[in-house]
Participant: 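Take this structure first; my questions come after.
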Amino acid sequence: MIRPAPAWEVPRVIAHRCGGALAPENTLAGLPIAAALGYRAVEFDVMLSADGTPWVIHDETLERTTNGRGNVCGTPDTILRTLDAGAHQHRAFAGEPLPTFEAVARACRTLGLLANVEIKPAQGFEKITGETVARRILELWGDAPLPLVSSFSEEALVAARHVAPQLPLGYLCVRPPEDWMRRMDAVAAYSLHCAARKLDDSVLATARAAGIPVLCFTVNDRQDAEALLARGVTAVFSDRIDSLRGL
Ligand code: G3P
Ligand code: MG
């Protein structure tokens with residue numbers, strides 16, 4: 001089985017939602033912070049607006065992380081462009097915009113950050129989100145090393161795979177299901193991404209034997225991270241990029 005792989009070595013710690021807890025999640029503000037702390041890769045979540053434009057946001061609704069209201073997939077770009085995605089964290093970040101995928105991709109390229117793009121489709125938009133994000137990745141990264149692309153939605157991964165056969169994919173789940181390898185094979189996924197607390201040693205052993213990297217979220221304690229890496233986990237996603245520095 002040929003599993004398209006990233007043209008880069010996966011670093012041991014990946015800044016979660018751009019800059020972890022040191023900036024409002026999934027914002028441009030997190031990227032220079034992650035880079036300044038020496039991180040080489042960031043993860044962030046991508047969802048489509050009502051216009052079909054990819055934006056970087058975690059929730060299907062705007063309330064938790066912005067001053068907007070309603071569903072991301074029901075809100076046009078003209079409204080999303082006006083939203084504040086920083087003030088919810090701290091007033092020092094007031095005015096931080098909700099970023100488009102394009103803006104985050106360009107900032108990653110400028111800062112030399114590698115990316116794990118998590119396709120986060122709103123319910124019912126799995127296929128179109130997978131296709132759109134994959135297409136935009138090819139346009140935005142061009143000849144540069146492509147990001148690793150993951151999703152909890154297998155439908156989104158299948159759609160991304162159809163658009164971009166060369167894309168490195170990550171099969172993302174909370175607890176790996178019994179047939180996780182078969183599900184990975186269906187999209188020729190490169191890596192298995194799962195919740196750290198749901199990872200058991202039998203999954204790790206099977207993955208190791210098959211040469212499949214395992215990436216775990218979300219690991220905020222340094223000792224926990226060290227223990228996971230010692231067990232053979234390839235990388236952890238962390239919000240506490242201050243505490244896990246240098247691992
Ligand atoms: O991709 C790893 C992790 O980000 C998955 O969970 O909910 O934080 O996007 P979530
Ligand atoms: Mg995510």
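One-based numbering, in listed order, for ligands and for the atoms of each. Nothing fancy with the numbering, it's 1 onward along the sequence. Fair warning: this is a prediction, and the values are worked out from it, not measured in the lab.
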Participant: Would a distance-only check, ignoring hydrogens and angles, find a side-chain to backbone donor-acceptor pair under 3.5 Å from Asp51 to Asp77?
Facilitator: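 Pair found, side chain donor or acceptor close to backbone of Asp77.
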Participant: From the N, O or S atoms in Glu43, identify the one nearest to the Mg ion (ligand 2).
Facilitator: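 In Glu43, the heteroatom (N, O or S) nearest the Mg ion (ligand 2) is OE2.
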Participant: Flag the pair Val158 / Arg161 as yes when at least one side-chain heavy-atom distance between them is below 4.5 Å, and no otherwise.
Facilitator: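 No; the side chains remain at least 4.5 Å from each other.
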Participant: Linking I/L/V/M/F/W/Y whenever any side-chain heavy atoms sit under 4.5 Å apart, do Trp141 and Leu114 land together?
Facilitator: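 No, because Trp141 and Leu114 fall into different hydrophobic clusters, even though each may have its own neighbours under 4.5 Å.
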Participant: May I ask you to list the atoms of ligand 1 that are less than 4.0 angstrom from any heavy atom of His58?
Facilitator: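 Ligand 1 atoms under the 4.0 Å threshold to His58: 7 (O), 8 (O), 9 (O), 10 (P).
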Participant: In the single-linkage hydrophobic clustering (I, L, V, M, F, W, Y; side-chain heavy atoms under 4.5 Å), do Val233 and Val174 co-cluster?
Facilitator: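 No, Val233 does not connect to Val174 through the hydrophobic network.
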Participant: Apply the side-chain contact (heavy atoms from CB on, under 4.5 Å) test between Leu28 and each candidate in Cys18, Pro99, Cys108; give the one that qualifies.
Facilitator: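 That would be Pro99.
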Participant: So which heavy atom on Leu113 is nearest to which on Tyr39, and how close?
Facilitator: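 Heavy atoms only, the tightest pair is CD2-O, 3.3 Å.
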Participant: Name whichever N, O or S atom of Asp45 ends up nearest to the Mg ion (ligand 2).
Facilitator: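 The nearest such atom is OD1.
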Participant: In terms of the angle between their ring planes, are Phe152 and Phe217 parallel, tilted or perpendicular, with boundaries placed at 30° and 60°?
Facilitator: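 Phe152 vs Phe217 ring planes: perpendicular.
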Participant: For Asn116 and ligand 1, does the shortest N/O to N/O distance drop below 3.5 Å?
Facilitator: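 There is no such contact.
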Participant: May I ask you to identify the nearest protein heavy atom to atom 5 (C) of ligand 1, giving residue, atom name and distance to one decimal place in Å?
Facilitator: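 Going atom by atom, the protein heavy atom closest to atom 5 (C) of ligand 1 ends up being Glu118 OE1, 3.4 Å.
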Participant: Using a strict 4.0 Å cut-off to heavy atoms of His16, name the atoms of ligand 1 that fall inside it.
Facilitator: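 Taking each heavy atom of His16 in turn, ligand 1 has 3 (C), 4 (O), 8 (O) under 4.0 Å.
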Participant: Which atoms of ligand 1 are found less than 4.0 Å from any heavy atom of Phe152?
Facilitator: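 That gives atoms 5 (C), 6 (O) of ligand 1.
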Participant: With carbon and hydrogen excluded and only N/O/S kept, which atom of Glu118 is nearest the Mg ion (ligand 2)?
Facilitator: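 Checking each N, O and S atom of Glu118, the shortest distance to the Mg ion (ligand 2) belongs to OE1.
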Participant: Can you check whether Arg17 has an N/O within less than 3.5 Å of an N/O in ligand 1?
Facilitator: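 Among all N and O atoms of Arg17, at least one is under 3.5 Å from an N or O of ligand 1.
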Participant: Ignoring hydrogens and angles, tell me if any N or O in the side chain of Asp84 forms a donor-acceptor pair with the backbone of Asn67 under 3.5 Å.
Facilitator: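 Checked: no pair found.
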Participant: Below 3.5 Å, N or O to N or O, backbone or side chain included: is there any such pair between Glu43 and ligand 1?
Facilitator: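 Yes, there is a polar N/O contact under 3.5 Å.
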Participant: What are the atoms of ligand 1, with element, lying closer than 4.0 Å to any heavy atom of Lys120?
Facilitator: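 Per the distance check, 7 (O), 9 (O), 10 (P).
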Participant: Provide the number and element of each atom of ligand 1 under 4.0 Å from a heavy atom of Asp45.
Facilitator: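 What qualifies from ligand 1 is 9 (O).
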